[in-house]
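All figures in this text were calculated on a predicted structure; none of them were measured in a lab. The sequence lines fix the lettering, A, B, ..., with proteins before strands; numbering per chain opens at 1.
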Protein chains: 2
Amino acid sequence: MTTRSTYLELADRLADQLRDTPPGTRVASEYELVASHGVSRLTARAALQELEHRYLVQRVRGSGTFVRRRIDYTISKHIVPSFTATVAAAGARPGTRLLSVRRRDPEPVHSYEPEIADGGSIVEVRRLNLVDGEVAGVLTSVLPGDRLPGLEEHLGDDFSLHTLVSQVYGVQLQRYRHQVLLDVPDRDVADLLGDEAPRPCWYAESLNRVKGTTQLGEYSYTWSNPHVIRMVFQIEEEG
Amino acid sequence: MTTRSTYLELADRLADQLRDTPPGTRVASEYELVASHGVSRLTARAALQELEHRYLVQRVRGSGTFVRRRIDYTISKHIVPSFTATVAAAGARPGTRLLSVRRRDPEPVHSYEPEIADGGSIVEVRRLNLVDGEVAGVLTSVLPGDRLPGLEEHLGDDFSLHTLVSQVYGVQLQRYRHQVLLDVPDRDVADLLGDEAPRPCWYAESLNRVKGTTQLGEYSYTWSNPHVIRMVFQIEEEG
DNA sequence: CAGTGGTCTAGACCACGGG
DNA sequence: CCGTGGTCTAGACCACTGG
């Protein structure tokens, strides 16, 4: 048994201490570890970064290192596809911030867009998903523009898109196809998520129908931060 | 627009060059980057590590840095739950290595174990999943011991567990519940996966029934390396 | 054996946050 | 303003891989 490296030993010891520490608690700073463990700053830093890679802590420049909490975000057939409801169910405070609303023609490259537009235009909504005030994801939603006139006026922060579309326009959306994978986003999405560089993130894609019909009503995709959200996917059989 | 850090600029430039490079190709070493870009070794190293975090390259001590390929591993209702078949379908060479077979009593702590044992014992199989010879995951499978007498003699490397159970014992397994999430494994699992320290990995849990009955026939869980496997989960509605 | 990546040191400057 | 984390340098020793 070879001895593990100094920074991993240190990280493991810190991880043990953090097991029962409530979220938000401050962790020793790099210089404090230098003083208390007689290691160089780079070694102390490597240990704290190791904890960050394990989703245990969050590091904030100028402020410090803090214990992090991950939210269980469950996706299954039986759960309504609503960010707000799902986060609230997990015991955290959800929020959203509107980034942009854009009207444009459907692009035939994406086969679903003409079908959603249904002979008319496309309205594309982009927003940030927040958990306890922290950016947890970026949502882009593609909707039928002609069916949702004046959508811009109704939109704002902390809205539920599906509720709005249902209550104001009488269009109810129903899950049709859902797909999720782990991948590395582009620079611009990483920027929106607050990451300096692209990090592996959840990519969730949804195709929803207008309830009771076979008409496509929405296509959306979301990049979510795995540090904040611990997604759970469930597939169940009947019987 | 603030200037990005040196190592990220370097990483982005290298990532661009790697876009159309075939898997297995060698990437410039740390010292080569030091010589060619006039940076310190730590900066060159940070750039290469950045690429590793983006799943673009694999770094091997004593050997070098190489372009990596990720396998699409799709899980959906309509696809048979077989590692071998799924990997082969993705165009890669699957393999498995038997780690251990153990017989024991069911533990009532896990409610499914007595149900699987069905009044008898439990047989627990552990194996490594390989993709192109590289460790991609660790599988642990819990099966009814009394129904599979002499299972040990039939097991070996590069076997399909479900095929064996079906052909030798006439027990066909059918998907019942499936759950997947991203989490950080324990030290021992990280060791088996070849990681020095625990890294975020896929955790896939399966509960399967004996075909045509409501009898539980298998419980299994797999830790998979996201660097090798790019899981895709699909949920589809009927109609 | 030479070359690779993994670790560690001591020291420096910077950007940022909060009192 | 001070303390935080983020970056960078120069130099060193190590473990491992391959010819």
Given DNA chain D, 5'-ward residue of the pair A:Gly62 and A:Arg59, judged by closest heavy atom: A:Gly62

Candidate nucleotides D:dT17, C:dT4, C:dT7, ranked by approach to the side chain of B:Arg45 - the nearest: C:dT7

Whole-Å distance separating the CD atom of B:Glu30 from the P atom of D:dA10: 15 Å

Which residue lies more 5' along DNA chain C, comparing A:Ala46 with B:Val60 via nearest heavy atoms: B:Val60

B:Ser36 side chain vs B:Glu32 backbone, donor-acceptor pair below 3.5 Å: yes

Interatomic distance, A:Leu10 CG vs C:dT9 C1' [rounded to whole Å]: 16 Å

B:Val27, B:Leu51, B:Leu14 screened by side chain to side chain contact (heavy atoms under 4.5 Å, CB included) with B:Leu56, the one that passes: B:Leu51

Nearest-angstrom distance from the residue atom CG of A:Leu33 to C1' of D:dG5: 13 Å

Donor-acceptor contact below 3.5 Å, side chain A:Arg54 vs main chain B:Asp183: no

Under 4.0 angstrom between B:Ser63 side-chain N/O and C:dT4 OP1 or OP2: no

B:His178 versus B:Ser206, side-chain donor and acceptor atoms under 3.5 Å: yes

Among C:dG5, D:dC8, D:dG6, the one nearest B:Ser5 by side-chain distance: D:dC8

B:Asn129 side, atom CG; B:Tyr73 side, atom OH - distance, nearest 0.5 Å: 7.0 Å

Gap between atoms OH and P, on A:Tyr31 and C:dA12 respectively (whole Å): 11 Å

Euclidean distance, atom CZ of residue B:Arg4 to atom P of C:dA15 [Å, nearest integer]: 16 Å

Under 4.0 angstrom between B:Ser29 side-chain N/O and C:dT4 OP1 or OP2: yes

Distance, rounded to the nearest Å, where B:Glu50 contributes CD and D:dC8 contributes P: 12 Å

Nucleotide nearest A:Tyr7 (side chain, heavy atoms from C-beta), chosen from C:dG5, D:dT4, C:dT7: C:dT7

Pair A:Glu52, A:His227: side-chain N/O donor-acceptor within cut-off below 3.5 Å: no

Touch class at under 4.0 angstrom, heavy-atom based, for B:Gln49 against every strand present: nothing

N or O in side chain of B:Thr65 less than 4.0 angstrom from C:dG5 OP1/OP2: yes

Exam field: side chain B:Arg103 to backbone B:Ile122, donor-acceptor pair closer than 3.5 Å: no

Whole-Å gap separating P (D:dG6) and CD (A:Glu196): 9 Å

Euclidean distance, atom CD of residue A:Gln58 to atom P of C:dG17 [Å, nearest integer]: 13 Å

Donor + acceptor pair across side chains of B:Gln49, B:Tyr7 (<3.5 Å): no

DNA chain D-proximal residues of residues 35-44 of chain B, any heavy atom under 4.0 Å: B:Val39, B:Ser40, B:Arg41, B:Leu42, B:Thr43

Residue A:Arg61, side-chain heavy atoms: nucleotide from D:dG6, C:dG6, C:dC8 that is nearest: D:dG6

